[in-house]
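Heads up: the structure comes next, in structure tokens.
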Amino acid sequence: MENSDVAQVFSEIADILDLTGGNQYKVRAYRQAAQLVDTLPGPVSEYWRRGQLLSLPGIGEGIGTKIVELLETGRCAEHERLARQVPPGVLELLRLEGVGPKTVAAVWHKLGVTDIEGLEQACRDGRLRQIPRMGPTRCKSILKAIERFRSRTGRMLLHRAVGYAEAIVARLRKVPGVYEAIPVGSVRRRRATVGDLDILVTARSSTAPRRAFVEMPEVAVVLAEGPTKSSVRLTSGLQVDLRVLPRESLGAALHYFTGSKAHNIALRTRAVHRGLKVSEYGVFDREGHRLSGAREEDVFRAVGLPWIPPELREGTGELEAAEEGRLPKLVEEAELRGDLHVHSDASSDGHCTLEELWLAGLRLGREYVAVCDHSRSRPLGLTTERLLEHAARIRAFNRAHPEGPRLLAGIEVDILPDGSLDLPLEVLASLDWVVASIHSRLRDSGARLTARMESAVRSGVVDVIGHPSGRILGSRDPYPFDLPRLLEAAREEGVALEVNAQPDRLDLDDKGCRLAKQAGVRVAISTDAHLADHLANIRYGVWVARRGWLEASDVLNTLDLAHLRAWRRRGHRAPRHEPRSPAAH
DNA sequence: GCCGTTTTCGGCCCGACTGTTTTCAGTCG
């Protein structure tokens, strides 16, 4: 039972209670528990094992007992009891935009509608009008919501959302009377995927920016338009929300619209306990006098905390860490000295020459760039002979270019199905850098995949495990491998785990980074570049690391080359000629 | 259902917009 499965059960309990008129605070308690479990950095079963379940915020006797029940039996009696009260299909109605528990309960009880098809029918034949407050406009908007639900494409990758955000704020900044235009929401928190885009504007008056916003050429439909808040859907399907506020509210608004929701609720609750009210307009006392709010720091100071970086604002312990002075000094892109995984045109899918890689590294101020092409079992991968030639070419290139970044002669060696490596260990041991990755038999069991990676970790020649979870955002789920076990092995052997900065990989993810830090394992933030321009993608990896609470000392490639070489010597043992085959499972 | 620097009982973040009304309920973020 994974965290997301537990979260799903609590989320359904919340939906059913909501629909059946249950206590709103109970509903919220279940929703918060679902959110908490879903965003926990490690398996909830570990918290249970260590007796820490009840110390999690929002988990008390009732929900704690249900977590244990789920972990032990895979079921939850209360959930099953509630599920019997609701016909299948009704909960899905809640996924429609603009349709909430009250509407669903009404159509279910008054019209007998229990699924999306039924609701569509009721809209079309006019039965929906029998329900109070259901006019023609509501009917139309529900039909549209059903249409969108059916064509829903899911969340957008962060790098694309950042592209939209930057274009929109650039346009809004040119509008007369606009002071600031800033992307907020999950883009500012650097979440790997973005549901919709939030843009904050401060301006003399809201009229001009709002007009400019809804009249942007890529707007497909205006969903809402008011004096402070407007909302549109772009032709790409992305929803964009604009908020316009007075300048003196900038800090409070920045904080509020950056979220996350869980973080905001926690912070506002804290404010209430201090006799304060925090809204997007500022910090207010009991009498409603505005105390501050022009700067984001004001909001935190009002509740006795230092400023918390947006990447940490997920309601996963950042307020407590701030309170106790334990906030990490998050790693910054400028602290990275090199890139530890790029491809050249020597193997299958790379496209750039050594010179292009070197130039790209030079432009970005890199001190070293590890050229890690694919090994022989990949199509057109390097055989032993070609690898040795390639390594010789790289070393010759370095001699011919004494300035600028050092190219490291490396490899991205396949971890084969039996856990062995795709090239002889002596050859791998002669290289400057070795990344080992799984590219085959991805459907192996989680236990087997874990054993394959562990075997590579224990080979004595591997520096980094590449894209450890195998996920491709939007198309391939991470494999169900045992990260804590892999981390344990990596710590013992002095091997790092990669944060692959390709925008659709971001693998390890933020939670994995946090676990790695707790386990004492360093990460290498690498671009896995296949084009010279990809070397600039390192920022996406840095964002993941920051969301994972990592500091410079947690990241291998903040080391200069001399220290990186020293780390290698310390971590490595002699190559083991018989790598362990995966344990039988 | 959770939780405690007002509380072990009685609270629980706050405001905007829409559609339907003529003062507001529902939904969203």
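This is a predicted model, so every value here is computed, not measured. First the proteins, then the strands, lettered A, B, ... as listed; each starts at 1. As a basis for the values below, the full set of heavy atoms in this structure was taken, side chains included, without hydrogen atoms, waters or symmetry mates.
The nearest whole Å value for the distance from the CD1 atom in Ile131(A) to the P atom in dT27(B) is 11 Å. Per the geometry, CZ belonging to Arg95(A) stands 14 Å off C1' belonging to dC28(B), to the nearest Å. Taking atom CZ on Arg274(A) and atom C1' on dG4(B), their separation rounds to 14 Å, with Å as the unit. Rounding to whole angstrom units, CD of residue Glu320(A) and P of dG4(B) are separated by 11 Å. For the pair Asp18(A) CG and dC28(B) C1', the interatomic distance rounds to 13 Å; values are reported in whole Å. Whole-Å rounding puts the Gln24(A) CD to dG26(B) C1' distance at 12 Å. Residue Glu97(A) contributes atom CD, which lies 20 Å from atom P of dG26(B) at whole-angstrom precision. Taking atom CG on Leu267(A) and atom P on dG15(B), their separation rounds to 15 Å, with Å as the unit.
Rounded to whole Å, the C1' atom of dT8(B) lies 32 Å from the corresponding atom of dG15(B). Nucleotides dC9(B) and dC17(B) have their P atoms positioned 42 Å apart, rounded to a whole Å. Across the C1' atoms, dC12(B) and dT18(B) are found 27 Å apart, a figure rounded to whole Å. Spacing between dA16(B) and dG11(B) at atom P, rounded to whole Å, works out to 25 Å. Taking atom P on both nucleotides, dT7(B) is separated from dC2(B) by 22 Å, rounded to a whole Å. Across the C1' atoms, dT21(B) and dG26(B) are found 13 Å apart, a figure rounded to whole Å. Atom name P, nucleotides dC13(B) and dG19(B): the rounded distance is 28 Å, in whole Å. When the C1' atom is compared between dC28(B) and dT22(B), the two are found 24 Å apart, to the nearest whole Å.
Counted by atom type alone, Thr527(A) and Asn537(A) present zero donor-acceptor pairs between their side chains at under 3.5 Å. In summary, the side chains of Arg210(A) and Ser230(A) do not present any donor paired with an acceptor at a separation below 3.5 Å, with no hydrogens or angles considered. Defined by atom type and a distance below 3.5 Å, a donor-acceptor pair is missing between the side-chain atoms of Ser186(A) and Arg191(A).
With hydrogens and angles ignored, the 3.5 Å screen pairs no side-chain donor or acceptor of Arg546(A) with any backbone N or O of Glu311(A).
Arg286(A) comes within contact range of at least one nucleobase, with a heavy-atom separation under 4.0 Å. The residue Ile265(A) sits close to a base: some heavy atom pair falls under 4.0 Å. Across all strands, Glu61(A) comes closer than 4.0 Å only to sugar-phosphate atoms, never to a base (heavy-atom distances). Ile59(A) comes within 4.0 angstrom of sugar-phosphate atoms only, judged by non-hydrogen atoms across all strands, and of no base. Among the heavy atoms of the strands lying under 4.0 Å from Asn23(A) is at least one base atom, whether or not backbone atoms are also near.
Checked by distance alone, Tyr256(A) brings a side-chain donor or acceptor within 3.5 Å of a matching partner on the base of dG29(B).
Annotation: of the two residues near DNA chain B, Tyr30(A) and Val278(A), the 5′-most nearest-nucleotide partner is Tyr30(A). Both His273(A) and Gly98(A) sit near DNA chain B, but only His273(A) has its closest nucleotide nearer the 5' end.
The nucleotide dT8(B) finds no pairing partner, because no Watson-Crick or G-U wobble arrangement with both distances shorter than 3.5 Å includes it.
Relative to the side chain of Pro101(A), the nucleotides dC13(B), dT27(B), dG1(B) differ in distance, and dT27(B) lies closest. Of the candidates dG1(B), dC14(B), dG29(B), the closest approach to any side-chain atom of Tyr25(A) belongs to dG1(B). Closest to the side chain of Ala29(A), from the set dC13(B), dT27(B), dG1(B), is dG1(B). Between dC13(B), dT27(B), dC2(B), one nucleotide has an atom nearer to the side chain of Val272(A) than all others, and that is dC13(B). Set against dT27(B), dG29(B), dG15(B), the side chain of Lys277(A) has dG15(B) as its closest nucleotide.
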Grab the N/O contacts between the protein and nucleotides 16-20 of chain B below 3.5 Å, and write none if there aren't any.
from	atom 1	to	atom 2	distance (Å)
dA16(B)	OP1	Tyr281(A)	OH	3.0
dA16(B)	O3'	Thr228(A)	OG1	3.0
dC17(B)	OP1	Pro227(A)	N	3.2
dC17(B)	OP1	Thr228(A)	N	3.0
dC17(B)	OP1	Thr228(A)	OG1	3.4
dC17(B)	OP1	Lys229(A)	N	2.9
dT18(B)	OP1	Glu225(A)	N	2.6
dT18(B)	OP1	Glu225(A)	O	3.4
dT18(B)	OP2	Glu225(A)	O	3.4
dG19(B)	N2	Arg133(A)	NH2	2.0
dT20(B)	OP1	Gly135(A)	N	2.4
dT20(B)	OP1	Gly135(A)	O	3.1
dT20(B)	OP1	Pro136(A)	N	3.4
dT20(B)	OP2	Thr137(A)	OG1	3.2

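Relative to the ring axis of Tyr47(A), Arg50(A) places its NZ or CZ within 45° and under 6.0 Å from the centre.
The shortest heavy-atom contact between Thr258(A) and Arg189(A) is O-NH1, 2.7 Å.
In this structure, Thr103(A) reaches the dT27(B) phosphate: one of its side-chain N or O atoms is under 4.0 Å from OP1 or OP2.
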Q: Run the numbers on Arg313(A) and Glu296(A) for salt bridge (charged side-chain N to carboxylate O under 4.0 Å, His left out), then give the verdict.
A: CA-CA 13 Å; Arg313(A) 300 183 199 167; Glu296(A) 206 175 31; 2.8 Å; yes
Q: Would you please test Arg138(A) and Thr103(A) for side chain to side chain donor-acceptor pair (under 3.5 Å) and show each step?
A: CA-CA 11 Å; Arg138(A) 279 280 280 149; Thr103(A) 307; 3.0 Å; yes
Q.
Between Phe257(A) and Leu245(A), does the side chain to side chain contact (heavy atoms under 4.5 Å, CB included) criterion hold? Intermediate values first, please.
A. CA-CA 11 Å; Phe257(A) 294 115; Leu245(A) 285 103; 3.7 Å; yes
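For Glu80(A), the side chain to side chain donor-acceptor pair (under 3.5 Å) partners at least two apart in sequence or on another chain are Arg75(A).
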